[in-house]
Amino acid sequence: MSQGLTMVVCIKQVPDSAQIRVHPVTNTIMRQGVPTIINPYDLFALEQALALRDQLGGTVTVLTMGPQMAETSLRKAMGHGADRAILLTDRFFAGSDTLATSFALSAAIGKINAETPVDVVFTGKQTIDGDTAQVGPGIARRMGLNQLTYVSAIPAIDKAAGEITAHRRAEGGVQVLKTKLPCLVTMLEGTNELRRGSLPDVLRAERAEITTWNAKDAGIEDVTKCGLKGSPTKVSKVFAPKPRSERAAMIEGADATPAAIAAAAVETLVAADPALPGVITRPSALA
Amino acid sequence: KSKELPEHLKAYRHVWVFIELEHGRVHSVSWELLGEARKLADTLKVDVAGVVLGPAGEGTDQAVAEAFHYGADQVYLVEDPLLTNYRTDPFTKALTDLVNTHKPEILMLGASTLGRDLAGALATTLATGLTADCTELAIDGTSRALAATRPTFGGSLLCTIMTLAARPQMATVRPRVMSMPEPDRSRAGPVIRERLDMVEEDIVTKVLDFIPDADTNQAQLAFADIVVAGGLGLQRPENVQLVKDLAEVLGAEYGCSRPLIQKGWMTADRQIGQTGKTIRPRLYIAAGISGAIQHRVGSEGADRILAINTDPNAPIFDFAHHGIVGDALEILPALTEAFRARLAVDRLAG
Ligand SMILES: Cc1cc2nc3c(=O)[nH]c(=O)nc-3n(C[C@H](O)[C@H](O)[C@H](O)COP(=O)(O)OP(=O)(O)OC[C@H]3O[C@@H](n4cnc5c(N)ncnc54)[C@H](O)[C@@H]3O)c2cc1C
Ligand SMILES: Cc1cc2nc3c(=O)[nH]c(=O)nc-3n(C[C@H](O)[C@H](O)[C@H](O)COP(=O)(O)OP(=O)(O)OC[C@H]3O[C@@H](n4cnc5c(N)ncnc54)[C@H](O)[C@@H]3O)c2cc1C
């Protein structure tokens with residue numbers, strides 16, 4: 001049995017949402033010149049995997065499906081300390097929805113698994129562009145991995161026993177779950193801070209060989225399950241939300257004292273939403 | 001290109017809502033979805049069904065009864081002790097079996113942590129389309145398909161998505177996006193029971209514990225009705241208390257912009273924005289926050305935003321509905337007092 005944990009971290013290269021602009025006439029996304037970044041949520045997954053490697057040894061492979069230029073994100077992840085990077089790229093993958101994306105990623109993870117059995121697959125909670133949070137559960141179901149979503153901590157992991165304990169954020173509390181390896185973890189945001197890359201890692205990443213797989217390399221025979229063809233959802237239109245036509249209405253109050261302004265603000269808010277006082281529920285507030 | 005549905009999918013009929021029952025309580029998003037399902041079903045001239053999964057007992061009985069009150073015509077019920085605490089496997093199996101047996105054309109779930117965990121797994125086993133986090137649902141006139149509209153790129157774009165050649169058409173919807181229907185306590189209907197056909201040994205994942213949030217612990221920002229937040233304009237760590245005081249009077253959650261996390265003035269679970277929480281409250285009060293795009297994308301889904309800033313040109317006034325140009329350190333305590341006074345008056349008035 002191999003030492004340490006074999007981990008795969010799925011990362012997606014996304015446009016930096018801060019800089020996304022919508023064409024005023026055609027209502028399409030203007031991607032030209034928009035810088036791309038690693039999906040910020042995926043950084044929490046990457047750090048968790050690196051921390052487990054510090055603790056127990058093993059390897060961290062970063063995997064992305066995307067165009068050739070997604071290589072940049074893989075190099076960045078290696079600069080932070082990932083051991084190996086795989087780019088899954090093929091024209092057949094274009095237009096994938098989450099079902100088709102999880103199909104392609106599962107095939108690639110399956111191939112990694114055939115080399116060395118994978119213990120944990122990590123994903124971020126969601127992306128900042130598609131923003132569905134569906135790819136993680138999709139991979140878990142397809143590969144028969146035990147699914148742990150919205151994980152805030154991994155207090156115990158025992159490779160020999162094949163067991164993992166995780167804290168899962170649920171409605172109104174935290175579920176403490178214990179399951180078997182291999183598993184899929186979608187990591188919650190704000191749970192850690194990604195380490196800076198060491199100089200040797202950054203230099204290694206610059207020169208590293210990025211493994212590039214097309215559909216065939218990943219062992220995909222039925223390409224109709226990929227890309228637009230393999231996607232049951234169809235985007236029928238994309239449009240910009242109606243821009244808010246006015247700037248904020250300024251509240252000034254009878255005189256400029258904070259008390260007068262505050263009183264005017266309360267009146268304004270209640271007039272705009274008469275049910276508001278009813279929403280203010282906590283009785284202790286009234287004591 | 002023909003918009004006719006393939007023959008084998010024509011048997012799929014009716015609109016289903018997954019009723020999210022946990023710890024004996026139903027998540028309010030389920031009732032909101034039943035209200036929405038009613039409208040879709042009326043357009044399609046089909047029925048609305050609620051799906052209840054849970055252990056035998058009072059909470060489950062109540063969920064079934066209320067599903068009718070909120071608009072279900074029938075309820076599919078799987079009662080089993082294995083469905084007491086949420087786990088992906090038994091819930092996915094129960095729903096997969098129900099869908100394969102009874103064939104709904106539309107299935108909606110709340111976009112809660114539970115709903116998203118379950119929906120993603122379920123859509124994969126059913127090999128169907130799932131549209132996430134919808135804000136608007138309609139029926140397309142020509143194809144009879146569900147036209148599901150959702151924001152992407154953090155709200156800067158909307159898109160309408162349809163699932164044309166697979167069934168059921170699945171969608172998740174966030175809490176409080178759809179309005180709450182008026183319950184009709186006289187409504188009742190048939191309950192169709194199915195079995196889970198699983199034993200505990202089949203389920204690999206075990207729930208060791210559930211640690212409920214203490215009020216001060218994990219912030220429930222994403223689901224709060226009112227959120228008060230502070231930014232660098234608070235100037236000193238002790239002024240965070242001014243935000244907490246106003247939140248306390250309003251029964252609100254409090255949060256902040258990212259720099260306050262980096263300075264350690266608040267815990268990371270309180271960050272609002274692109275790399276923090278997306279909030280969608282009824283009222284958001286932002287004090288001393290400039291309104292950078294990363295903050296904006298996480299907060300502009302609020303129904304109403306009041307911004308307090310000393311700078312009349314702060315970008316936050318571009319997307320806030322109401323603004324106060326002033327010192328947050330003075331305005332926040334004044335607002336706390338003004339709301340306290342207002343609530344006391346309301347309470348006296350009954
Ligand atoms: C405007 C718009 C709206 C969309 N709406 C939908 C929709 O409602 N339903 C639907 O099925 N599809 C939708 N899609 C398609 C969807 O964005 C793509 O399938 C995408 O490849 C993955 O989905 P996501 O970005 O939502 O990822 P999520 O499911 O949010 O991502 C979760 C995690 O999965 C991993 N991951 C995701 N994509 C990749 C990748 N390419 N490579 C490596 N790891 C990855 C990351 O770790 C990420 O943190 C939409 C796309 C656009 C542009
Ligand atoms: C990849 C990335 C992700 C990010 N994610 C997030 C995120 O999730 N959330 C987030 O918030 N930020 C995020 N940021 C940071 C973001 O770009 C801004 O830097 C941040 O939101 C600014 O915080 P602020 O408004 O508190 O501070 P500032 O921008 O410094 O604004 C302070 C404001 O307070 C006003 N002010 C000063 N004194 C007073 C006073 N006495 N009374 C009232 N007003 C006063 C000033 O006029 C100013 O407008 C991210 C950045 C990057 C690069």
Side-chain angles (χ1 to χ4, degrees), chain A residues 17-18 20 22 29 40 102 128-134 137-138 141-142 146-147 149-150 169-180 189-190 232-241 244 247-251 258-259 261-263 265-266 268 272-273 276-277 279-282 285-286, chain B residues 88 112-113 116-117 120-121 124-125 128-132 152-154 156-164 166 204-213 225 248-251 268-269 271 274-275 282 293-294 297 304 307 317-318 320-324 330-331 334-335 338-339 342-343 346-347:
Chain A
S17 73
I20 280 286
V22 180
I29 311 162
S102 61
I128 59 166
D129 59 348
D131 188 14
T132 65
Q134 291 168 192
R141 272 294 117 178
R142 280 187 189 283
N146 296 306
Q147 172 174 328
T149 54
Y150 304 102
R169 169 111 300 264
E171 231 67 37
V174 172
Q175 260 188 334
V176 182
L177 296 175
K178 182 171 189 168
T179 196
K180 293 246 187 290
E189 74 277 11
T233 64
K234 307 288 174 208
V235 175
S236 71
K237 73 177 177 191
V238 179
F239 52 105
R244 278 182 40 78
R247 276 171 55 86
M250 295 300 171
I251 298 168
I261 296 171
V266 171
T268 307
D273 182 3
L276 188 65
V279 175
I280 302 171
T281 44
R282 193 176 300 177
L286 307 179
Chain B
T88 313
S112 56
T113 52
R116 283 194 181 207
D117 183 284
T124 311
T125 60
T128 191
L130 168 58
T131 308
T152 49
F153 291 104
S156 48
L157 271 185
L158 294 168
C159 64
T160 302
I161 292 180
M162 296 200 269
T163 296
L164 296 173
V204 176
T205 303
K206 309 293 174 197
V207 180
L208 300 185
D209 200 1
F210 183 81
I211 309 163
D213 294 328
D225 278 317
E248 164 97 44
V249 164
L250 294 174
D269 58 325
Q271 180 185 324
Q274 179 181 306
T275 46
R282 218 173 156 119
I293 184 73
Q294 295 92 348
V297 296
R304 196 155 292 281
F317 291 129
D318 291 338
H321 304 79
H322 306 286
I324 296 175
E330 292 177 352
I331 302 291
L335 272 176
F339 269 112
R342 167 76 201 212
L343 291 170
D346 282 357
R347 200 162 66 139

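In what follows, every chain begins at residue 1, and chains take the letters A, B, ... in the order their sequences are listed.
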> Who wins among A:A263, A:P40, A:A265, A:S236 for the most heavy-atom pairs under 4.5 Å with chain B?
Replying inline: A:S236
> Does any heavy atom of chain B fall under 4.5 Å from the side chain of A:E189, the backbone, both, or neither of them?
Replying inline: side chain
>> B:T205 vs A:Q147, test: side-chain contact (heavy atoms from CB on, under 4.5 Å). Steps then yes/no.
In response: CA-CA 9 Å; B:T205 303; A:Q147 172 174 328; over 6 Å; no
> Taking every heavy-atom pair that is under 4.5 Å apart, which of B:T160, B:T163, B:I324, B:T131 has the most such pairs with chain A?
Replying inline: B:T160
> Can you say whether B:A121 sits under 4.5 Å from chain A via the side chain, the backbone, both, or neither, judging by heavy atoms?
Replying inline: both
>> Looking at A:N146 and A:K180, would you say the former's side chain and the latter's main chain have a donor-acceptor pair under 3.5 Å?
In response: yes
> Should A:R169 and A:V174 be marked as a side-chain contact (heavy atoms from CB on, under 4.5 Å) after you check the CA-CA gap, both sets of side-chain angles, and the distance that decides it?
Replying inline: CA-CA 5 Å; A:R169 169 111 300 264; A:V174 172; 3.4 Å; yes
> Under the side-chain contact (heavy atoms from CB on, under 4.5 Å) test, which residues partner B:T113, sequence neighbours left out?
Replying inline: A:Y150, A:R168, A:E171
> Just by modelled atom types, is the A:G190 backbone N or O under 3.5 Å from a matching donor or acceptor in the B:Q271 side chain?
Replying inline: no
>> Could you check whether any side-chain heavy atom of B:R282 comes within less than 4.5 Å of a side-chain heavy atom of A:D273, counting everything from C-beta outward?
In response: yes
> Is it true that a side-chain atom of A:Q175 and a backbone atom of B:V207 form a donor plus acceptor pair closer than 3.5 Å?
Replying inline: no
> Who among A:L177, A:T179, A:V176 has the most heavy-atom pairs with chain B under 4.5 Å?
Replying inline: A:V176
> In terms of heavy-atom pairs under 4.5 Å, which option from A:G172, A:P137, A:P258 contacts chain B the most?
Replying inline: A:G172
> Taking every heavy-atom pair that is under 4.5 Å apart, which of B:L130, B:I331, B:L335 has the most such pairs with chain A?
Replying inline: B:L130
> Do you know which of B:K206, B:E330, B:R304 has the most heavy-atom pairs with chain A at a distance under 4.5 angstrom?
Replying inline: B:K206
> So which part of B:T128 gets closer than 4.5 Å to some heavy atom of chain A, the side chain, the backbone, both or neither?
Replying inline: backbone
